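First comes the structure, then the notes that go with it.
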Amino acid sequence: MFSVASARQELDKGNVSSLELTRACLARLQAIDSELHSCLLVDEKGALAAAAEADERLRKGERGSLLGIPYLVKDILMTKGLRTTAASKILENYIAPYDATVIRKLKKAGAVMLGKTNLDEFAHGSSTENSAFGPTKNPWDLSRVPGGSSGGSAAAMAAGLCLFALGTDTGGSIRQPASFCNLVGLKPSYGRVSRFGLLSMTSSTDTIGPLTRTVEDAAMVLELIAGRDTKDATTLSVPVGDYHLPLSQGFKGLKIGVIPSYFEDGLDEGLRTEAIRALEIFKKEGAEIINLDLPYNQYSVPVYYVITPSEVSSNLARFDGIGWGRAEEGADNLLSFYKATRGHGFGPEAKRRIMLGTFALSAGYAEAYYKKAQAVRELIKLDFAQAFQKVEVIFTPTSPHAAFKLGEQVNNPLAMYLEDIYLAGASLAGLPAISVPGGFTEIDGQELPFGWQFIGPMAQEASVLRAAAAWEKINNYQERRPNL
Ligand code: GLN
């Protein structure tokens, strides 16, 4: 089955049952996931029960966009009664006492959760190598990373283990793995989707969104999970739009902004050539290209890497082995208990961020680092707000290159942080952004996928969906699948 939309039709016509779809996904998972390691937990029993229930609802004539559709979810979202680890040792045996709002909505809609996917510990990273339970491999080339931090969700999607997957995007974690795995990855506006039941990373930029094969599927999932939630005060009161309508609007008359420096130094040669081709296509299809200057956007990575560790150091403080987290035994006083619990429980990247954030927030340094970063963040937002007076979307690469090799960057945090170069801006400004399959580039004689990003104005997911759907319709890269 290719997409959620096509599965929907077959389910409604009775040509296939949810149980058949679910069994097919589980069988494929069993066959190949020991090699990929995209999943941390498979809930076979729960999935089969949910599928049987969905079939019963379908049989009674009920219809719904995701009724009976099998999906996987990043293991940083609470799933009642199931292990929820954030890929951290400190939560190794943690059983979630309730469902995240998005999970609750999907359950009610009759979607079938198959299990939980791997990620960088607490979503810190761009390769899924920071998982305490081992890395995930990229189905397009098993010696490469799937991207991160939602790398398990992306690898599982690319390998055809589910029909859609949920990820989280705090500074690029849905968009970048989507680009490394030839998928659509949608980061909604900040507040568009409730964060209730998401283990917080950077509370001021955390978002939840879909990884899918097609733009239409992304629209279908977003429509269902979006909306105001009394359990998350940051959810937007702006109504959820009609996300289907923009899918057929095409490029004609669309004003697309381009930041020329994004296509110069630092971007892979092959992608640069493809970007020129993409711009030609936009023009030929009737879009208007407008050059933009976003002077403060060049500081988005340094600003993000002050704000993120600051919020991380605060959010991870709750894992003390008493209220939350696996307690280490054998300590004879409180300090040594904390040291042992947090020392063994957190991996190197989480510790790095706790230390950086604690420093950036500490007396005497907060003015110079945290407050300064927040001030520049306002200027970045202003840059975008001004740009969106002239254009409807901004076009950028998603990542400067295709997937890199496992191990290649894992010991170089700075190189890893620079992965977010085109991604952190939209996160800091809270804007909707999508990565759509952009094409293929040759590395070492091998064709690897990459993505293009469209960023839209606040709360206007419709704009990025329109541009991405228009691109997808012309190029159809989503139809290419890895040889597994
Ligand atoms: N790569 C970024 C980081 O490591 C983004 C992570 C994310 O979006 N969760 O912080």
Side-chain angles (χ1 to χ4, degrees), residues 73-77 86-88 117-131 135-136 145-154 165-180 185-190 193 195 198-211 300-316 346-357 360 373 377 398-401 403-404 409-410 412-435 451 453 455:
V73 53
K74 186 175 183 179
D75 196 23
I76 194 162
L77 283 157
S88 180
T117 58
N118 200 10
L119 63 149
D120 288 295
E121 182 178 10
F122 285 106
H124 307 162
S126 300
S127 69
T128 316
E129 293 167 292
N130 291 336
S131 167
T136 297
V145 303
S149 62
S150 311
S153 290
L166 289 186
T168 61
D169 191 313
T170 297
S173 280
I174 289 175
R175 292 164 283 163
Q176 187 251 21
S179 84
F180 282 12
L186 175 62
K187 175 198 118 54
S189 307
Y190 182 72
V193 175
R195 292 178 295 117
L198 165 65
L199 289 161
S200 307
M201 174 183 166
T202 307
S203 305
S204 74
T205 67
D206 286 342
T207 61
I208 301 167
L211 287 120
S300 58
V301 167
V303 166
Y304 174 83
Y305 279 100
V306 172
I307 292 175
T308 271
S310 299
E311 296 193 37
V312 160
S313 70
S314 159
N315 274 326
L316 294 186
F346 290 129
E349 185 59 29
K351 286 179 187 162
R352 183 176 297 118
R353 293 185 189 210
I354 290 169
M355 286 190 282
L356 284 171
R377 179 184 192 171
T398 303
S399 163
H401 42 237
F404 47 91
Q409 286 187 187
V410 75
N412 187 347
L414 202 58
M416 211 57 113
Y417 295 172
L418 281 169
E419 289 297 312
D420 307 337
I421 189 95
Y422 305 123
L423 304 166
S427 292
L428 290 167
L431 306 174
I434 197 166
S435 180
Q453 174 178 235
I455 306 171

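All ligand and atom numbering here is 1-based and tracks the order in the structure. Because the structure is predicted, anything quoted here is derived from the model rather than measured.
- For ligand 1, the protein residues within 4.0 angstrom (heavy atoms only) are Ala123, His124, Gly125, Ser126, Ser149, Asp169, Thr170, Gly171, Gly172, Ser173, Met201, Tyr304, Tyr305, Arg353, Asp420.
- Judged by distance alone, the side chain of Asp206 and the main-chain N or O of Met201 form a donor-acceptor pair under 3.5 Å.
- Checking side-chain atoms of Glu311 against main-chain N and O of Ser204 turns up a donor-acceptor pair under 3.5 Å.
- Under the side-chain hydrogen bond (donor to acceptor under 3.5 Å, both in side chains) rule, Ser149 has a single partner from Lys74, Gln176, His124, Glu121, which is Lys74.
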Could you walk me through whether Arg175 and Ser427 pass the side chain to side chain donor-acceptor pair (under 3.5 Å) check? CA-CA 11 Å; Arg175 292 164 283 163; Ser427 292; 3.0 Å; yes
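- Of the residues listed (Ser127, Ser126, Ser399), the one engaging Phe180 in a side chain to side chain contact (heavy atoms under 4.5 Å, CB included) is Ser399, and it is the only one.
- Heavy-atom minimum distance, Arg377 versus Val303: CB-CG1, 4.1 Å.
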